[in-house]
Q: 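Take this structure first; my questions come after.
Computed from a predicted model, the values in this text were never measured in an experiment.
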Amino acid sequence: MPQRAFSLPFACFAVTIGFGSAPIVHNRACAAESITAPVIMPVPSTLHALSGASQLPRTIAVQWVGQKNSLLEQALERFRIRLEKLSGQRINFIPSTQNKTEFTITLNSKTAGTALPNINTQEHYSLQITDKNLILTAENPFGIVRGFSSALQLVDRHTNTAQIRHAFIDDTPRFKWRGLMVDVSRHFMSLAALMRQIDAMEMVKFNVLHLHLSDGQGFRVESHLFPRLQSIASHGQYYTQKQIRFLITYAAQRGIRIVPEFDTPGHTFALLEAYPRYAAQAPLNMQDRAEKNRAALDPTNPATYRFITALYGEMAALFPDAYFHIGGDEVVAKQWTGSAHIQAYMQAHHIKTPADLQANFTHRVAASLAQHHKTVIGWDEIAAADLPLNTVVEVWRGAEHTATATAAGHPVIVSDGYYLDKLRAASDYYAQDPLENTAATRAEAAAAAQTTGPGVTLNTQADAPTAPLSEAQTHLVLGAEGALWTEIVSEEMLDARLWPRAAALAERFWSPGSICDPTTLYPRLAIMQDKLELLGLESRANTNRMLSRLAPGETEAARTLLSATAPVRNYAHNHEFLQIRHKVTATQQNLTELADIASPDSFEAERFNQQAAAFVNGQTNLKASLTAYLTQWAANDAAFVTAASKHPALTPALPTSHQLKALAQIGLAALNKVPSQSWLESAKATLGQAQSERAASATTKVVTNTPQPAADLINSIVPGIESLLSYAEQANAPAIPPNP
């Protein structure tokens with residue numbers, strides 16, 4: 001495991017645990033042979049794996065020394081409960097005695113920290129576990145929370161007992177802003193669902209939950225000033241202010257800040273349903289579903305500013321965090337250029353473009369929030385406005401916008417490259433560093449800019465390539481956020497659409513870039529996902545429920561198919577989105593089909609692909625394992641055909657199942673090096689079709705005009721079959737005679 005030199009800071013917070021003296025040798029096989037060090041995600045800045053492990057006792061004595069607060073007490077109790085879940089045994093904490101089994105928490109600072117974390121909260125900790133004790137050191141309680149998360153990942157079962165691995169860790173985050181954005185407007189997520197995500201976020205050390213609380217589909221927070229927002233704009237699904245306060249406290253106890261987003265001046269259809277007098281285009285078009293993404297406020301109406309100022313003031317008082325997100329993205333220019341009175345206003349006030357009009361709006365709204373001591377965040381479109389330098393720009397349209405915003409002196413949060421709703425594999429997101437400014441990133445941003453729906457959105461053209469960020473610019477990058485827009489994500493799908501890919505992002509945002517190891521990502525993600533499921537995630541439970549709904553009593557064939565397939569990527573599965581783009585009447589998706597259940601990452605397929613590559617490179621002992629995978633996938637087609645004959649919901653995926661069988665048969669033949677030239681040509685044609693179907697959703701630009709495969713599923717084992725076919729082709733190539 002890569003390590004970094006360090007010096008210990010002044011220790012103002014310490015925890016000690018004693019476990020007895022008999023070490024246990026740790027020999028659990030990880031998900032891949034390459035993993036021998038303790039699996040902790042995110043990877044700590046410095047990790048020294050010590051030899052052995054200690055048996056986890058059922059009774060641990062606890063002593064508090066110095067100051068103690070409720071946050072620490074609650075963190076300790078969560079630690080105990082999670083120890084039970086991960087160890088599979090009852091754990092009892094008792095007051096400390098003088099015996100050798102002692103758990104001591106010492107706080108030597110003058111205060112126990114604040115109840116609410118902030119952007120400057122120190123999260124550094126050090127952790128040492130030996131055969132006698134566990135020592136945890138941090139500057140404040142939130143560092144202890146982070147240390148507990150790492151300690152829990154060192155716990156597992158060994159034969160008939162639980163054990164904790166020996167290690168020394170010194171750890172601090174790379175970025176101070178490590179967030180997840182969850183859109184609760186497009187599909188409302190219950191309080192319980194958000195609490196599950198917060199618990200998982202704590203385990204992988206995220207520290208910001210950014211809630212997208214208003215958009216075309218719903219306004220999701222109770223307003224006392226404007227009650228029509230919950231009675232009309234929420235469509236019956238919203239959080240009361242009491243629930244919001246509870247959620248803020250719940251997250252804060254876990255070292256997580258909640259940052260609200262109320263999107264203006266675009267994406268305001270739901271808000272305007274309740275208060276249509278502030279609309280740029282009136283009356284609202286209630287028949288066209290696309291209007292939910294297009295409707296915008298009228299920035300020329302003085303009453304609009306009074307309304308937004310009052311609403312933002314109420315929400316600013318409800319959400320205590322210093323940061324407040326105003327959206328500002330994707331204003332459709334036709335909303336303003338198609339209005340005679342807005343055009344007249346622009347001419348009278350010498351406003352040349354809709355982008356300039358939005359800049360005026362943003363400036364006024366930001367000034368009103370400054371009165372409430374809020375630091376404004378907005379999507380990168382807001383950078384066109386003349387705003388205070390502390391205004392934060394959240395970049396989503398390409399790395400050149402990071403360069404532009406930081407060059408102007410604005411702090412930046414990077415979301416570009418981290419949109420989880422694109423359904424790309426974890427390895428794709430993990431490959432991008434928040435500080436990178438790559439051509440690939442710019443190309444994808446340019447493609448995305450062309451796929452934002454009908455009409456021209458403001459500022460959609462990608463900028464020219466830029467130079468790498470200067471040192472001063474990198475210091476302005478606060479961090480990054482993964483984003484999950486929920487046009488096609490129901491609450492039942494939420495856990496699986498976030499995890500385990502969010503854990504890969506958490507590591508990218510916490511760990512030093514130099515020690516993020518893509519070669520071991522999937523084995524470590526598999527371990528992390530298992531632990532998150534033990535601690536409360538419902539990804540697998542919901543997947544089982546959705547499969548049972550499609551094929552009650554006969555889910556195994558569909559489950560096996562999904563072990564080797566993934567949903568199409570880059571918004572190809574957003575049928576409503578694509579219908580709107582092609583000006584076809586949009587219909588709402590059911591979100592109950594196989595592509596809604598399929599994971600962007602299959603651990604089985606990824607393991608097969610890695611083993612196939614290793615086999616081709618000489619690890620011939622993997623032949624039996626590869627044969628087992630391929631035999632199962634080839635045989636599954638008959639079972640899937642039988643299941644589909646009884647359960648019509650499976651029928652659209654029959655071509656996918658047939659293709660999986662054909663690919664598996666190619667792999668089996670290739671392993672045995674028996675293909676003829678005619679067989680090779682046929683195999684290449686079959687593989688080529690699968691490759692074409694994967695390429696059909698390779699980028700957002702390609703998706704726009706490319707037909708997608710049956711059932712919106714692509715075969716994930718294509719890379720492994722490519723390796724095996726190449727191996728067979730080389731093995732059957734005629735020998736080159738030596739030179740005479």
Q: Does R220 use its side chain to pair, donor to acceptor, with the backbone of S185 at less than 3.5 Å?
A: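 Side chain of R220 to backbone of S185, a donor-acceptor pair under 3.5 Å: yes, one is there.
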Q: Begin from the C-alpha positions of V145 and L71 and carry the test side chain to side chain contact (heavy atoms under 4.5 Å, CB included) through to its verdict.
A: CA-CA 9 Å; V145 169; L71 188 151; 4.2 Å; yes
Q: Do you see a donor-acceptor pair shorter than 3.5 Å between the side chains of N570 and R424?
A: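 Result is yes, a qualifying pair exists.
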Q: Donor-acceptor pair, distance only, cut-off 3.5 Å: does the side chain of N609 make one with the backbone of S716?
A: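 The answer is yes, because a donor-acceptor pair under 3.5 Å joins these two groups.
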Q: Report the relative orientation of the aromatic rings in W485 and Y419; use parallel for angles under 30°, tilted for 30 to 60°, perpendicular for over 60°.
A: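 If you compare the ring of W485 with that of Y419, the planes turn out tilted.
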Q: Does the side chain of E481 pick up a donor-acceptor pair with the side chain of W177 at under 3.5 Å?
A: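 Side chains of E481 and W177: pair found under 3.5 Å.
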Q: Once you measure the plane-to-plane angle for W379 and H325, does it fall in the parallel (<30°), tilted (30-60°) or perpendicular (>60°) bin?
A: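 Because their plane-to-plane angle lies in the 30° to 60° range, the rings of W379 and H325 count as tilted.
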Q: Using a distance-only test with no angle check, is there a side-chain donor-acceptor pair under 3.5 angstrom linking Y571 and D421?
A: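 There is such a pair between these side chains.
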Q: Please confirm whether R146 makes a cation-pi placement over W510, using NZ or CZ under 6.0 Å from the six-membered ring centre and within 45° of the ring normal.
A: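 Relative to the ring axis of W510, which defines the angle, R146 lies outside at least one limit.
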Q: Are Y418 and Y429 close enough that their ring centres sit under 6.0 Å apart?
A: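 Ring centres of Y429 and Y418 not closer than 6.0 Å.
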Q: Which heavy atom of G482 sits nearest to which heavy atom of L505, and what is that distance?
A: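 Of all heavy-atom pairs spanning G482 and L505, the closest is CA-CD1, 3.6 Å.
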Q: When you look at D215 and N293, which way does the side chain to side chain contact (heavy atoms under 4.5 Å, CB included) test go after all the steps?
A: CA-CA 8 Å; D215 211 294; N293 281 328; 4.2 Å; yes
Q: So do I413 and I377 actually touch side chain to side chain, heavy atoms under 4.5 Å?
A: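 They are in contact (side-chain heavy atoms under 4.5 Å apart), so the answer is yes.
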Q: Could you go step by step and tell me if H48 and D170 meet the side-chain hydrogen bond (donor to acceptor under 3.5 Å, both in side chains) rule?
A: CA-CA 9 Å; H48 296 279; D170 186 80; over 6 Å; no
Q: Report yes or no: do D601 and S599 form a side-chain donor-acceptor pair below 3.5 Å?
A: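 No - no donor-acceptor pair under 3.5 Å links their side chains.
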Q: I'd like to know if the side chain of Q473 reaches the main chain of A403, judged simply by a donor and an acceptor atom lying under 3.5 Å from each other, with no hydrogens or angles considered.
A: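 Between the backbone of A403 and the side chain of Q473 there is a qualifying donor-acceptor contact (under 3.5 Å).
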Q: Looking only at heavy atoms, what is the nearest atom pair of T375 and N390, with distance?
A: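 Taking every non-hydrogen atom into account, CG2-O, 3.3 Å.
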Q: What I want to check is whether the side chains of D171 and S45 have a donor and an acceptor closer together than 3.5 Å.
A: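 Checked: D171/S45 side chains pair up, N/O donor to acceptor below 3.5 Å.
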Q: Is the F262 ring parallel, tilted or perpendicular to the Y312 ring (thresholds 30°, 60°)?
A: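 Tilted.
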Q: Measure across M201 and L180 and return the closest heavy-atom pair with its distance rounded to 0.1 Å.
A: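 That closest heavy-atom pairing would be CG-CD1, 4.0 Å.
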Q: Between E507 and R174, is there a salt bridge with N-O shorter than 4.0 Å?
A: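 Not counted as a salt bridge, because no side-chain N and carboxylate O are separated by less than 4.0 Å.
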Q: For A359, does its backbone N or O pair with a side-chain atom of D356 as donor and acceptor, under 3.5 Å?
A: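 No.
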Q: Working to the nearest 0.5 angstrom, can you tell me the gap between I308 CD1 and R364 CZ?
A: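 Those atoms lie 12.0 Å apart.
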Q: Step by step, would you call K176 with Q122 a side chain to side chain contact (heavy atoms under 4.5 Å, CB included)?
A: CA-CA 9 Å; K176 62 175 65 176; Q122 295 298 308; over 6 Å; no
Q: Quick one, M203 and L152 - any side-chain contact, counting heavy atoms below 4.5 Å?
A: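 The answer is yes, as the side chains (C-beta and beyond) meet within the 4.5 Å cut-off.
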Q: Got a second to check how far L484's CG is from L423's CG, nearest 0.5 Å?
A: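 It comes to 8.5 Å.
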Q: Quick check: do R524 and V39 have side-chain heavy atoms less than 4.5 Å from each other?
A: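 Answer yes - side chains close enough.
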Q: For the side chain of S214 and the backbone of D263, is there at least one donor-acceptor N/O pair under 3.5 Å apart?
A: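 Flag set: sc S214 to bb D263 pair under 3.5 Å.
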Q: Any donor-acceptor pair under 3.5 Å linking the side chain of R501 with the backbone of R497?
A: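 Answer holds: yes.
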Q: Under 3.5 Å, side chain of H363 to main-chain N/O of D386, donor-acceptor pair present?
A: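 Yes, because the side chain of H363 sits within donor-acceptor range (under 3.5 Å) of the backbone of D386.
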Q: Measuring from I129:CD1 to L136:CG, what's the distance to the nearest 0.5 Å?
A: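 CG of L136 is found 9.0 Å from CD1 of I129.
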Q: What's the shortest heavy-atom distance between G266 and V331, and which atoms?
A: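 Nearest heavy atoms, G266 then V331: N-CG2, 3.8 Å.
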Q: Answer with yes or no whether the side chains of W396 and E381 bring together a donor and an acceptor at under 3.5 Å.
A: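 Note: E381 and W396 side chains meet the donor-acceptor criterion.
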Q: Between the side chains of T486 and D183, does any donor sit under 3.5 Å from an acceptor?
A: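 Indeed, the side chains of T486 and D183 share at least one donor-acceptor pair under 3.5 Å.
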Q: Looking at E261, E330, H212, which hits side chain to side chain contact (heavy atoms under 4.5 Å, CB included) with H267?
A: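 With H267 as partner, E261, E330, H212 yield a single side chain to side chain contact (heavy atoms under 4.5 Å, CB included), made by E330.
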Q: With side chains defined as the heavy atoms from C-beta onward, is the minimum distance between I119 and V208 less than 4.5 Å?
A: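 No, every pair of side-chain atoms sits at 4.5 Å or beyond.
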Q: Are side-chain heavy atoms of V393 and T391 found at a separation under 4.5 Å?
A: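 No, their side chains stay 4.5 Å or more apart.
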Q: Ignoring hydrogens and angles, tell me if any N or O in the side chain of Q128 forms a donor-acceptor pair with the backbone of L134 under 3.5 Å.
A: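 Answer holds: no.
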Q: Nearest 0.5 Å, what's the CZ-CD1 distance between F361 and I382?
A: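 The CD1 atom of I382 is 11.5 Å from CZ of F361, to the nearest 0.5 Å.
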Q: For F509 versus A480, what's the shortest heavy-atom pair and its separation?
A: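 So the minimum-distance heavy-atom pair works out to CE2-CB, 3.3 Å.
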Q: With a 4.5 Å heavy-atom cut-off, do P42 and S511 have their side chains touching?
A: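 They are in side-chain contact.
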Q: Can you give me the closest heavy-atom contact between M493 and I488, atom names plus distance?
A: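 In this case the closest contact between M493 and I488 is CE-O, 3.2 Å.
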Q: I want to check something: taking the side chain as every heavy atom from C-beta on, are E202 and Q253 in contact at a cut-off of under 4.5 Å?
A: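 Contact flag for E202/Q253 side chains = no.
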Q: Between Y125 and T172, does a side-chain hydrogen bond (donor to acceptor under 3.5 Å, both in side chains) hold up when you go through it step by step?
A: CA-CA 7 Å; Y125 69 93; T172 194; over 6 Å; no
Q: Passes side chain to side chain contact (heavy atoms under 4.5 Å, CB included), L535 versus D199? Steps please.
A: CA-CA 8 Å; L535 295 177; D199 285 338; over 6 Å; no
Q: Tell me whether D321 contacts the main-chain N or O of V259 through its side chain, where contact means a donor paired with an acceptor under 3.5 Å.
A: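 No; judged by distance alone, with no hydrogens or angles, the pair does not exist.
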Q: Using the rule salt bridge (Lys or Arg N to Asp or Glu O under 4.0 Å), only one of D517, D433, D428 pairs with R508; which is it?
A: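 Per the salt bridge (Lys or Arg N to Asp or Glu O under 4.0 Å) rule, the option paired with R508 is D433, out of D517, D433, D428.
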Q: Hey, are the side chains of L213 and M315 touching, using non-hydrogen atoms and a 4.5 Å cut-off?
A: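 A side-chain contact under 4.5 Å is absent here.
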Q: Does T404 reach the main-chain N or O of E400 with its side chain, forming a donor-acceptor pair under 3.5 Å?
A: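 Yes; judged by distance alone, with no hydrogens or angles, the pair exists.
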Q: Does a donor on one side chain and an acceptor on the other come within less than 3.5 Å for D495 and Q197?
A: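 Short answer, yes.
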